[in-house]
Amino acid sequence: MFEKEQQLIETKIKEFCTANDIPLAELKWQPIPFSGEWGLATAFFQTAANEARAGRGSKAPVPQRAQEIAELVKAQIGSVAGISRIDAVKGYLNLYYSTAEYARRVMEEVLASRADFGRGAKKNERVMVEYAQPNTHHSFHIGHARNTILGEVLARLVEFAGFETIRASYPGDLGLGVITVMWIYDKLYKGQEPEGVHERGQWLANLYVEATSMLEKQENETPEQTAQREAYDAERREMYRRWDTGDTYVRELWRTTREWSLEELRAVLHMLDVKMDVWFYESEVDEASKTIVDELIAKDIATDERPQGGAVIVKIDEKLGLTKEKYRTNVLLRSDGTTLYLTKDLALAKMKFDQYHVDRSIYVVDVRQSLHLQQAFAILKLWGFPQAGKCYHLGYGFVSLPEGAMSARRGRVVLFKDVADEAVRRVLAVESQKSGDIPASEREKIANQIGLGALVYSMLSVDNNKDIVFDINEALSFDGRTGPYIQNAYVRANSILKKAGKQVAGTQVSTSFDYELTKHEIELIELISRFPQTVEQAANEYRPLVMAAYAYDLANIFHSFYHAVNVLQTEDEKIQNARLQLVMAAKQTIENALRLLDIQAPEVM
RNA sequence: GCCCCCGUAGCUCAAUGGACAGAGCAACUGCCUUCUAAGCAGGAGGUUGUGGGUUCGAAUCCCGCCGGGGGCACCA
């Protein structure tokens, strides 16, 4: 917002250094910390160090010489319009903005852009974010929720940062797990179908647990039990074979049961306000993946060992000319001619590049699949896709339970829907004592917004490379560094504006901040002004946490401001108008941040 | 054996080369006839696992060690 002034000063510094033979290092600017005032700072340590190395300048120690240079530069610059003061402190040059002017510029920008405040300039690049890849015939658990929330927030961030963004889901709708559920359904539960989308999804998950116990080798089996188990397994294998050959009955059974899972997935995505653009199904990619194998063999990227009774493999390190073991060797086609996960991911990547013209491809996948994805990216590079360098794996630590890893097999999972329901119950339980007057018709909706807000924020406030041990009391906490804390800041801002009523309508952009601002107002304006660069950083680094941390900081400062400064009781009308405008800007910025975090902003709570 | 990630306050986590390492939770002290206390203010809590190195400057970069987690071709 002060780019022009900054440019002018940079030019002056450069001129001064050239004239005085000072080897100026690159100028890096940062906000002045702990000042209670706004401004930019740059350090001269590097310059002083350069000078010392070249044997020039005074023989003073670096910090002292840096301070000398800062003082000389300060004297040289003189006064600049829009900059109230320049200080040389501890080797830093601090430029303080004129407060009234700074506040005016920030407010003007927020209130002119509104929902677009912080939006980055349009980039000519198309990004695809792939997330939400649960297996069908199971139920959506809290680990899937972390994946989906991270993916959605990342998509929102890159989209808001200016990239054309495509959201892609990739459900795993084939494999032994799927067949296992179909087998037990067909054998024991045919014709049954619980009411309710989520109930049906959970029922399938339970069938899987039951089937697993029937098919797994038990300790101290009697010969009869062993025979029984082997018979079951033979039935399951037969069903897999029939599925493979396209048997009408089995395929129909598959489509029906799969649809139950997909309905549940769509319902969960709807709850999380996720609108997928593209659905890739593993079963569909499977067909396509068979054709790429021949192409990779023809290009001499893959090695066909089938004539020797082996598989089709890619010796990745060898093909890349690496002498040290890095990507190793991986199989593309089993010796029985069936494809693997890697084969499908390669085919899918090709589809993304060729059909969807994706320039940048982000995979939100569990960190344990890091090697696998690095292998896939390396093969894409060998294949000659220029986008291979812009494939990025956003790995995240897995979500486990206090009693250990989740296991769909054993039914030891925490289902997303159960947690979400519990969240709503807990909000409703405290609503009567904590909330103001909320119309009965709104209660459920607001409880949903707050409950999900708590859950979503708990998934975002931990950096993605960290594992999470899921504790429902922590995830659904409403106090302190949580979603509801941020939502409450929004509600309070809204409440002030609502009560102000008339004044808001009359508030003009011409409002002046030409009065002595309190420390809280200064901090609030400062943080609002940093929103655009925070969006950029979070999107560039693919880190939702950066935005989550910002939203908390902004809410935190707003809460302090709220207590310290009573807006509606401000007597001077001019000052009150300025403060109302500040509240409007804060409300807007919190709203924009919450939207990026996939958390709803309730009007009351 | 090789590769990746992590080690920061009692606990859960921030801060990725800059000025004084910050929050929340737990515990402690205050603040509700006030724009909603899902909040605010205050004190307490740290030789950033450890030993070296690079740098004017290191929680951050490099090397060693200790401790924890994950992964290493016909699973996904």
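Quick note on labels: first sequence line is chain A, next is B, and so on, each numbered from 1.
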What's the CG-P distance between A/Asn330 and B/C75, to the nearest Å?
11 Å
Let me know the distance between NZ of A/Lys519 and P of B/A41, rounded to the nearest Å.
8 Å
N/O (side chain, A/Asn556) to phosphate O (OP1/OP2, B/C40) under 4.0 Å
yes
Report yes if a donor N or O on one partner sits less than 3.5 Å from an acceptor N or O on the other, where the partners are the side chain of A/Arg328 and the base of B/C3; otherwise report no.
no
If you count every heavy atom of other residues, nucleotides or ligands that lies below 6.0 Å from A/Lys326 atom NZ, does the total exceed 12?
no
Separation between the C1' atoms of B/A15 and B/A58, rounded to whole Å:
13 Å
Atom CD of A/Gln46 to atom C1' of B/C56: distance rounded to whole Å?
8 Å
Checking contacts here: which listed nucleotide (B/A73, B/A19, B/A38) is nearest the side-chain heavy atoms of A/Thr329?
B/A73
Would you say the ring centers of A/Tyr208 and A/His138 fall short of 6.0 Å from each other?
yes
Does A/Lys90 have a side-chain nitrogen or oxygen under 4.0 Å from the phosphate oxygens OP1 or OP2 of B/G18?
no
Tell me if the aromatic rings of A/Phe377 and A/Tyr392 count as close, with their centers under 6.0 Å from one another.
no
Taking donor-acceptor contacts at under 3.5 Å, does the side chain of A/Glu474 reach the base of B/C25?
no
Reckon A/Asn135 touches a base, only the sugar-phosphate, or nothing at all at heavy-atom distances under 4.0 Å?
nothing
When you measure from the side chain of A/His563, which nucleotide among B/A15, B/C40, B/G71 comes out closest?
B/C40
Quick check on B/C61: syn or anti? Syn means the glycosidic torsion is within 90 degrees of zero.
anti
Euclidean distance for P, B/U54 against B/C11 (whole angstrom):
34 Å
Taken to the nearest whole Å, CZ/A/Phe398 to P/B/C6 is 15 Å
Taking only the side-chain nitrogens and oxygens of A/Arg492, find out if one of them lies under 4.0 Å from OP1 or OP2 of B/A38.
no
Residue A/Leu340, side-chain atoms from C-beta onward, closest of B/A15, B/A19, B/C75:
B/C75
Could you tell me how far B/A44 sits from B/A9 if I compare only their C1' atoms? Round to whole Å.
11 Å
Here's one to test your reading of the geometry: is the NZ or CZ of A/Arg146 within 45 degrees of the ring axis of A/Tyr396 and under 6.0 Å from its centre?
no
B/G64: pairing nucleotide in any strand, Watson-Crick or G-U under 3.5 angstrom:
B/U50
Spacing of the P atoms in B/G57 and B/G18 (rounded, Å)
14 Å
Please check the phosphate of B/C6 (OP1 and OP2 only) for any side-chain N or O of A/Asn465 closer than 4.0 Å.
yes
Using the C1' atom on both, measure B/C6 against B/U60 and round to a whole Å.
14 Å
Flag the pair A/Lys498 and A/Glu603 as a salt bridge only when some basic side-chain nitrogen lies within less than 4.0 angstrom of an acidic carboxylate oxygen.
no
Expressed in whole Å, how much space separates the C1' atoms belonging to B/G17 and B/U55?
9 Å
Of the options B/C56, B/G69, B/A19, whose atoms approach the side-chain atoms of A/Ile32 most closely?
B/A19
Given B/C40, B/G18, B/A14, identify the nucleotide with an atom nearest to the side chain of A/His559.
B/C40
From NZ of A/Lys344 over to P of B/A73, roughly how many Å is that when rounded to an integer?
18 Å
Nearest whole angstrom, please: distance from the C1' of B/G71 to the NE2 of A/His372.
13 Å
Any A/Tyr485 side-chain N or O less than 4.0 Å from OP1/OP2 of B/C40:
yes
Given atom NZ of A/Lys434 and atom C1' of B/A38, what is their separation to the nearest angstrom?
5 Å
Between A/Ser560 and B/A41, is there a contact of a side-chain N or O with OP1 or OP2 at under 4.0 Å?
yes
Distance between the P atoms of B/U16 and B/C28, in whole angstroms?
34 Å
Taking 4.0 Å as the cut-off, does a side-chain nitrogen or oxygen of A/Arg426 come that near to OP1 or OP2 on B/A38?
no
Whole Å only: how far is the CG atom of A/Asn566 from the P atom of B/C40?
16 Å
Any salt bridge between A/Asp244 and A/Arg241, counting N to O under 4.0 Å?
no
Among B/C56, B/A14, B/G39, find the nucleotide with the atom closest to the side chain of A/Asp479.
B/G39
Let me see the working for A/Arg579 and A/Ile575 under side-chain contact (heavy atoms from CB on, under 4.5 Å), right down to the final yes or no.
CA-CA 6 Å; A/Arg579 288 179 173 163; A/Ile575 297 178; 3.7 Å; yes
Would A/Arg425 and A/Glu422 count as a salt bridge (Lys or Arg N to Asp or Glu O under 4.0 Å) here? Give the steps.
CA-CA 5 Å; A/Arg425 270 196 297 276; A/Glu422 174 64 17; 2.9 Å; yes
Pairwise C1' distance, B/G49 and B/G69 [rounded to whole Å]:
16 Å
In terms of side-chain heavy atoms of A/Lys466, which of B/C6, B/A19, B/C72 is nearest?
B/C6
Would you say whether A/Phe45 stacks on B/G57? The test is a distance between ring centres of less than 5.5 Å and an angle between planes of less than 30°.
no
On RNA chain B, does the nearest nucleotide to A/Ala41 precede the nearest nucleotide to A/Asp336 from the 5' side, or the other way round? Give the residue.
A/Ala41
If you assign A/Tyr92 and A/Phe561 each to the RNA chain B nucleotide with the nearest heavy atom, which residue ends up on the more 5' nucleotide?
A/Tyr92
